[in-house]
Number of protein chains: 2
Amino acid sequence: MNEEPQDEVDRLVAAWRAERPDLDVEPLQVLSRVSRLAKHLDRARRAAFAEHALEPWEFDVLTALRRAGKPYELSPGALIRATLVTSGTMTNRIDRLAQAGLVRRRPDPEDRRGVLVSLTESGLARVDAAFAGLLRREHDLLAGLPLTDQRTLSALLRTLLTPFDS
Amino acid sequence: MNEEPQDEVDRLVAAWRAERPDLDVEPLQVLSRVSRLAKHLDRARRAAFAEHALEPWEFDVLTALRRAGKPYELSPGALIRATLVTSGTMTNRIDRLAQAGLVRRRPDPEDRRGVLVSLTESGLARVDAAFAGLLRREHDLLAGLPLTDQRTLSALLRTLLTPFDS
DNA sequence: GTGTACTGTCTTGACATCGAGATACATATC
DNA sequence: GATATGTATCTCGATGTCAAGACAGTACAC
């Protein structure tokens, strides 16, 4: 029951148990690890994208368009839902991506309030290269985990995620 | 093999498989879920802290001090390591927390380069209240997962996290 | 059709973060 | 004890994000 701590969260939980033995800190075992791992992943992603001169936020938008398939075109609203950012942020992102020549904006012919954003040739090439590089890195990060464990892990995470995505 | 998508990541993976059948996108099943779940958790935490008039970044610093135990005092360097932010960020955070009367700064008597930051009475009360509230919320978020699954999940996450925390 | 509520996008201002560098002090080596 | 290297903290400028609100256009009820 009193094993050696292996990661920062083990130490964190042990510290809380010493300080507040009256509280059930079990949820931290899962949720603090999710948060901390995400923070580390952000850094790893940043490094992977730097090889292709892309910022993480640029990659986020470009991949959303890439996944949409030909003609690689979505509305800002759809991009907002895909990336979980606010509308102000998305406007700003599209502005800068357009300026960098990676995306293009055009009026939506079916809704005069609307706009459609699409990948340029250059944007498509960049995102494909960066995505392949990201997958290589992520594959390495998961190398320590057998495939069956990865499946178990993703299934459990899905259970937690489903309520948010409904 | 062709189940219904249950969360956004299932849809994301399906979209990639349609667009890039040549790539092995399996790593996304785990790592995209970690990132997205962390993003949702950030929002939930923000809401939980708002009840106690605390920002997430304030909570991060205050809990690090709280966990340290009496006299609830750490150096900025120790706080940096605990919170994974840069030194410039931590200076700024301590400034504002001190201004809000939640922490106190004093020179380190043993190292004249150094500073020690400690919780005030008010800071201690606020962080204890906010932490209890957070645990309640996190407990609810995990309600859908039996304890044995939570244990499995945290063990798998620990495996991924250990290389970063070494 | 007219009024009302809703939707989609953009604008603005405030803010927390980062990275690079500056400064002061400490420690190790000779 | 002088020099060089390392450590702890802070300063500064740039940047990406958010929240709130503005504005144009759409949809629905009557």
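Note on naming: letters A, B, ... go to the chains in the order of the sequence lines (proteins, then strands), and numbering restarts at 1 for each one.
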Sorted by chain and residue number, the side chain to side chain contact (heavy atoms under 4.5 Å, CB included) partners of S35(A) (sequence neighbours excluded) come out as L41(B)
Separation of [Y] [atom2] from [X] [atom1] (nearest 0.5 Å):
| X | Y | atom1 | atom2 | answer |
| --- | --- | --- | --- | --- |
| L12(A) | S32(A) | CG | OG | 5.5 Å |
| L62(A) | L124(A) | CG | CG | 9.5 Å |
| L74(A) | L65(A) | CG | CG | 5.0 Å |

Sorted by position of nearest nucleotide on DNA chain D, 5' first, the leading residue of W57(A) and N92(B) is N92(B)
Those residues of [range] lying under 4.0 Å from DNA chain C by at least one heavy atom:
| range | answer |
| --- | --- |
| residues 71-81 of chain B | none |
| residues 110-117 of chain B | D111(B), R112(B), R113(B) |
| residues 44-53 of chain B | none |

Same apolar cluster (I L V M F W Y, side chains within < 4.5 Å links), L84(B)/L79(B)
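No, it is not one cluster - the side chains of L84(B) and L79(B) are not joined through contacts under 4.5 Å.
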Give every residue pair that meets the ring-ring contact (aromatic ring centres under 6.0 Å, His included) criterion with at least one member in [range], sequence neighbours excluded.
| range | result |
| --- | --- |
| residues 73-98 of chain B | none |
| residues 84-111 of chain B | none |
| residues 73-116 of chain B | none |

In short, the helix from dG1(C)-dC30(D) to dC30(C)-dG1(D) is bent end to end, axes from five pairs each side, to 10°, by 30°
**Asked** R17(B) and D22(B): salt bridge (Lys or Arg N to Asp or Glu O under 4.0 Å), yes or no, with the steps?
**Response** CA-CA 8 Å; R17(B) 291 208 166 118; D22(B) 55 315; over 6 Å; no
Result for side chain to side chain contact (heavy atoms under 4.5 Å, CB included) between S154(A) and one of D10(B), V34(B), V30(B) points to V30(B)
The single option from R106(A), R112(A), E110(A) that satisfies side chain to side chain contact (heavy atoms under 4.5 Å, CB included) with D108(A) is E110(A)
Go through the steps for R126(A) and E58(A) under the test salt bridge (Lys or Arg N to Asp or Glu O under 4.0 Å), then give the verdict. CA-CA 10 Å; R126(A) 290 276 277 289; E58(A) 295 180 292; 5.7 Å; no
Looking at every strand, decide which applies to R105(A) at a 4.0 Å heavy-atom threshold: base, sugar-phosphate, or nothing. sugar-phosphate
Checklist entry - Would D42(A) and K39(B) satisfy salt bridge (Lys or Arg N to Asp or Glu O under 4.0 Å), going step by step from the backbone distance to the final call? => result CA-CA 11 Å; D42(A) 278 349; K39(B) 204 147 188 172; over 6 Å; no
Residues at least two apart in sequence or cross-chain that pass ring-ring contact (aromatic ring centres under 6.0 Å, His included) with Y72(A), listed by chain then number, are none
Side chains of residues 129-142 of chain B: which donor-acceptor partners sit under 3.5 Å, not counting sequence neighbours?
unit_1, atom_1, unit_2, atom_2, d
R137(B), NH2, E51(B), OE2, 2.7

Going 5' to 3' along DNA chain D, between which two nucleotides do contacts with chain A fall, using a heavy-atom cut-off of 4.0 Å?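 Listing 5' to 3', DNA chain D meets chain A from dG16(D) to dT26(D).
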Given the rule in the side-chain contact (heavy atoms from CB on, under 4.5 Å) test, do D7(B) and R33(B) qualify, once you have shown the distances and angles that lead to the verdict? CA-CA 9 Å; D7(B) 66 359; R33(B) 284 195 173 90; 2.7 Å; yes
The first and last nucleotides of DNA chain C lying within contact of chain B, meaning any atom under 4.0 Å from one of its heavy atoms, run from dA16(C) to dA26(C)
*Under 6.0 Å from the six-membered ring centre of W16(B) and within 45° of its axis: does the NZ or CZ of R66(A) meet both?*
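So R66(A) doesn't make the cation-pi contact.
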